[in-house]
Amino acid sequence: MCGIVGYTGLGQGAAGGVATPSRTPLDVALEGLRRLEYRGYDSAGVALVAPGFERVATAKKAGKLANLIEEVDLHPLPDATAAIGHTRWATHGGPTDTNAHPHLADGDRLAVIHNGIVENFALLKQELLADGVTFHSETDTEVAAQLIAKAYRETGNLTAAMGVAARRLHGTFTLLAVHADVPDTVVGARHDSPLVVGLGEGENFLGSDVAAFIAHTHEALELGQDQIVTITPTSVAVTDFDGNPAEAKRFTVDWDAEAAEKGGFDSFMDKEIHDQPHAVGDTLLGRTDASGNLVLDDLRIDESLLRAVNKIIVVACGTAAYSGHVAKYAIEHWCRIPVEVELAHEFRYRDPIVDEKTLVVAVTQSGETMDTLMAVRHAREQGAKVISIVNTHGSTIPRESDAVLYTHAGPEIAVASTKAFLAQITAAYLLGLYLAQLRGNKFPDEISAILDELRDMPRKIQTVIERGEYVRATARSMRDASSVLFLGRHVGFPVALEGALKLKELAYIHAEGFAAGELKHGPIALIDEGQPVFVVVPSPRGRDSLHSKVVSNIQEIRARGARTLVIAEDGDDEVRKYADEIFWIPQAPTLLQPLLAVVPLQIFAMALATAKGLDVDQPRNLAKSVTVE
Ligand code: M6R
């Protein structure tokens, strides 16, 4: 949640023979915030320092980044040498100008921004109040700022002061600070919250993720847990909270700034839906050796341990958890290993039965979801091995996992997940097939045949996208709907859940997904004249009972007045008779069908929200990465 950017540069001209950047710290901060706004958009702010400043120059505004940009256009800020910027997802204190970051301390000479939650802030605040400190906001961040200020007065060193304060804070935090005394320096600290360093020539960057500086550099450092980083234009120093030198891992970002632009589409979500054939294709690339065997290079887990696994638990949240539900059907079928799927926050706070023979699979686009991170830690403490399926390099969860399988969806900016979902399902299929290969559950030619089908999926996904206009027209005609239900069986069930989630988060209307078989056990009471119900119909070429059961379910709801919106395979003549609207998808093996069936539901939710005039990239109350529990 909250996006954080920091920058320091030598400024225009040449210094000491170094070709120096011509951009201003304010421009870098605002550009970084534009790219990070998907992390939170309750307010935005910047703080600038330069030699000779008596105090830090700041601007901050409630609402989206556009409000801050308008503010700095109306009231220009002075030129600077370093800047920090923040886009907020509110936790402590409402989304007001006063609660917006940065927060100032030390006679307005120190500015601090923060992502996370300081859990002991009330206690610390009392202590600081007793010292005579005056607070201006309701935020926990201002407490951290005052704590850093106090330590700075004692140590006279911003890095040391950050360490002193960090050791006293409980909870989760990334903190960035600038001080007018050291106008070429930005200091950052992280504990259970993300922070990466961008490495430049005559300039350096900090960001919640690489999007903050991708327009300027691809070279980055991944900070470890409980580390402090101090950047100047020509140096990067990493220590632990006690000031001891520490190591950070260098990496190169493998996508370009253009990948995080709308590329001519009206919204990031629309663009990301269109990216899906590539997201799936790229996730499949380079996974086999010359003999066609699956090789998952990133899996560092001993093969004998993987052979001994007797239970798999998928932990994830939201859309990522629904990809886990799809994985369950595939992995159990291919590998004959029991698979449980758990919401990460539920897994963490009960007493799960986990041991060395349990394989935990953590699925996450951001690699930062706090609930999933806590589940990973808990699983490893119990002796389980953890494989994470992650889209974002440099994030925390892969670093804390035993092995990682990266999805190659590219940056996902829209808050509602689309291409990451398809890439997660694809990666989970690869994991299932790899385990089946390793454990001898399937013959090599069977695995090759499934891989061939998988490699054909990007083409089929493209076909579904090209048929999108009919879905959009239907959505526009339903802009006044107040409730939509979604039904599916088998792998169609998680697709129904995902379709409902997309509609809830984008169009703010009541939407529920059900297992079609559950209908008669209660939900059918919701069916009334005209109630729209999406039904995901399994392939008629798959298990015959599955198809006919869903067709019966459609008849049951239609008989009670439902308006049926059916997703069915090309050539499924049987179901046509019972559909008020039908969205055709290409034929595919039953287990792979979710990669196709979910696409019309994504397009439907996006189009209906757009018809209602809503912002599909930044739905209300949400943030892209949920980095607090
Ligand atoms: O980054 P993660 O994949 O761990 O995020 C998990 C969920 O927060 C995320 O999928 C969320 O449900 C999306 N808003 C769904 O569109």
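Counting starts at 1 for both ligands and their atoms, following the listed order.
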Can you pull out the closest protein heavy atom to [atom]? Residue, atom name and distance to 0.1 Å, please.
atom                   : value
atom 2 (P) of ligand 1 : Thr369 OG1, 3.2 Å
atom 8 (O) of ligand 1 : Val626 CG2, 4.1 Å
atom 7 (C) of ligand 1 : Cys317 O, 3.5 Å

Would you mind running through ligand 1 and noting each atom that sits below 4.0 Å from a heavy atom of [X]?
X      : result
Gly318 : 12 (O)
Thr319 : 10 (O), 12 (O), 15 (C), 16 (O)
Gln365 : 1 (O), 2 (P), 3 (O), 4 (O)
Lys502 : 15 (C), 16 (O)
Ala320 : 3 (O), 10 (O)
Ser366 : 1 (O), 2 (P), 4 (O)
Val415 : 13 (C), 14 (N), 16 (O)

Review point. What about Phe604 and Phe534, are their ring centers closer than 6.0 Å?
Key: yes

Review point. So, do His393 and Phe251 have ring centers that fall under 6.0 Å from each other?
Key: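 No, too far apart.
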
Check your understanding: Taking 4.0 angstrom as the limit, do Arg34 and Glu261 come out as a salt bridge?
Key -> yes

Check your understanding: Does the N or O separation between Thr372 and ligand 1 drop below 3.5 Å for any pair?
Key ->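 No, Thr372 has no N/O under 3.5 Å of an N/O on ligand 1.
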
Practice item. Scan Lys624, Arg39, Lys271 and name whichever one has a salt bridge (charged side-chain N to carboxylate O under 4.0 Å, His left out) with Glu412. Key: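 Of the listed residues Lys624, Arg39, Lys271, the salt bridge (charged side-chain N to carboxylate O under 4.0 Å, His left out) partner of Glu412 is Lys624.
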
Could you tell me if [Y] and [X] have a donor-acceptor pair between their side chains, going purely by distance under 3.5 Å?
X      : Y      : result
Gln276 : Gln602 : yes
Asn115 : His86  : no
Asp209 : Tyr38  : yes
Ser417 : Thr319 : no

Check your understanding: Does Glu505 approach ligand 1 within less than 4.0 angstrom via side chain, backbone, both or neither, non-hydrogen atoms only?
Key -> side chain

